[in-house]
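Working notes, beginning with the structure itself.
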Protein chains: 2
Amino acid sequence: MRSMRPLVHPSIEDITVEGILHALSDPVRAAIYAELAISSGATCSNFLKISDRDIPKSTLSQHFRALREAGLIRSERHGVEMRNCTRCEEINQRFPGLVMTIMKAHQIQAAERLPATKRKPAAKKKTGGA
Amino acid sequence: MRSMRPLVHPSIEDITVEGILHALSDPVRAAIYAELAISSGATCSNFLKISDRDIPKSTLSQHFRALREAGLIRSERHGVEMRNCTRCEEINQRFPGLVMTIMKAHQIQAAERLPATKRKPAAKKKTGGA
DNA sequence: TCTATAGTTCATAAGTTACGAACTACAGGA
DNA sequence: TCCTGTAGTTCGTAACTTATGAACTATAGA
């Protein structure tokens with residue numbers, strides 16, 4: 001009988017920059033992380049569809065594991081489901097601005113891919129033009 | 001007769017966050033990039049030894065290619081050698097702070113690995129205080 | 001031309017990732 | 001208690017990626 005290995009959450013000092021970059025270099029994982037940063041507590045199956053793409057649940061489960069073992073998220077079982085939240089405050093203490101800047105860059109890139117008409121009007125800059 | 005494919009330098013709008021993160025998630029590539037950020041113009045064979053590790057030149061060549069094709073560096077042949085420099089200003093325009101913050105995080109991590117006596121005393125902060 | 005140096009390409013072995021099938025874990029009935 | 005449904009994990013394996021030695025290209029200088 002196979003048993004279920006316990007969830008691994010590295011302690012803050014065992015989190016590495018390489019690990020964080022690698023985890024967030026995958027677009028599916030970056031999308032999951034971005035969503036969790038907004039809606040803490042989301043579960044694995046909340047992500048069976050990501051940006052019009054179906055992701056098999058075994059794949060999703062591995063992505064959550066990758067994020068968890070890179071130290072980016074914390075997962076907790078609640079009954080039959082798994083609630084996830086980011087560890088952004090801890091990580092930000094150790095690597096100031098790192099995760100935030102990465103997610104911001106992902107946002108910039110996503111905005112560029114949208115046709116201009118679908119983009120949210122950019123927040124007005126102080127130096128806003130004519 | 002095999003020919004030598006031309007160097008590929010993506011234009012700034014084809015550079016992706018995923019690509020940057022993936023390229024810099026490798027410790028050898030991050031070390032190369034860090035060094036290039038200081039000593040622009042370094043060549044491939046300047047890196048045959050990195051942090052006490054010997055890297056075969058074919059491997060190094062692939063790492064330079066990965067950095068180049070991710071858009072992080074620009075390589076130019078000068079006679080028999082290849083001079084490399086970062087594209088940090090361009091990238092910083094498009095993804096503000098991204099590369100700098102990543103390199104800073106790598107530095108923080110490297111400093112932690114050194115025994116305290118070997119660490120450079122941290123630069124004094126403006127708000128540095130008792 | 002020949003020789004030396006710098007770097008690239010190719011073949012392939014080693015490592016990593018994606019995903020379906022089968023499983024564990026838990027909750028809520030009957 | 002057992003049964004059923006839902007959530008997520010593990011395993012096997014196919015597909016992909018990466019590292020490296022050997023053989024190559026490209027260039028400089030004698």
Whole Å only: how far is the [atom1] atom of [X] from the [atom2] atom of [N]?
X: B:L60; N: C:dG7; atom1: CG; atom2: P; value: 9 Å
X: A:H63; N: D:dA7; atom1: NE2; atom2: P; value: 20 Å
X: A:I55; N: D:dG8; atom1: CD1; atom2: P; value: 15 Å
X: B:K57; N: D:dT20; atom1: NZ; atom2: C1'; value: 12 Å
X: A:E69; N: C:dT16; atom1: CD; atom2: C1'; value: 14 Å
X: B:H78; N: C:dT5; atom1: NE2; atom2: C1'; value: 17 Å
X: A:L7; N: D:dT9; atom1: CG; atom2: P; value: 7 Å
X: A:E81; N: C:dT24; atom1: CD; atom2: C1'; value: 17 Å

Spell out, as yes or no, whether a donor-acceptor pair under 3.5 Å connects the side chain of A:E18 to the backbone of B:D26.
-> no
Quick one: is A:T59 getting a side-chain N or O under 4.0 Å of the C:dC19 phosphate, OP1 or OP2?
-> yes
Given D:dT6, is OP1 or OP2 found less than 4.0 Å from the side-chain N or O atoms of A:S45?
-> no
Comparing B:R83 with A:R53, nearest DNA chain C nucleotide closer to 5' gives the residue B:R83
The residue, A:H22 or A:G79, whose nearest nucleotide of DNA chain C is more 5′ is A:H22
Among [options], the nucleotide that comes nearest once only the side chain of [X] is considered:
X: A:V80; options: D:dG21, D:dG5, C:dG7; result: D:dG5
X: A:S58; options: C:dA22, D:dT10, C:dT8; result: D:dT10
X: A:D26; options: D:dT25, C:dA18, D:dT20; result: C:dA18
X: B:Q62; options: D:dG8, C:dC10, C:dA6; result: C:dC10
X: A:R65; options: C:dG7, C:dA22, D:dT10; result: D:dT10

So what does A:S61 touch, heavy atoms closer than 4.0 Å: a base, only the sugar-phosphate, or nothing?
-> base
Value for OG1 (B:T43) from CZ (B:F64), rounded to nearest 0.5 Å, stands at 7.0 Å
Determine, step by step, whether A:S39 and A:E35 satisfy the side-chain hydrogen bond (donor to acceptor under 3.5 Å, both in side chains) criterion, reporting the C-alpha distance in whole Å, the side-chain angles of both residues, the deciding distance to 0.1 Å, and the verdict.
-> CA-CA 6 Å; A:S39 61; A:E35 183 59 31; 3.0 Å; yes
Please name all residues satisfying side chain to side chain donor-acceptor pair (under 3.5 Å) with A:R83, sequence neighbours left out, ordered by chain then number.
-> A:H78
Of all of residues 27-35 of chain B, which get a heavy atom below 4.0 angstrom from DNA chain C, listed by number?
-> none
With B:R87 as partner, the option from B:I15, B:I73, B:L67 fulfilling side chain to side chain contact (heavy atoms under 4.5 Å, CB included) is B:I15
Among A:R65, A:R68, A:E69, find the residue that satisfies the side chain to side chain contact (heavy atoms under 4.5 Å, CB included) test when tested with A:V8.
-> A:E69
Single-linkage hydrophobic cluster, 4.5 Å side-chain cutoff, B:M100 and A:F95 together | no
When clusters are formed by joining ILVMFWY residues with side-chain heavy atoms under 4.5 Å apart, either directly or through shared neighbours, do A:Y33 and A:L48 land in the same one?
-> yes
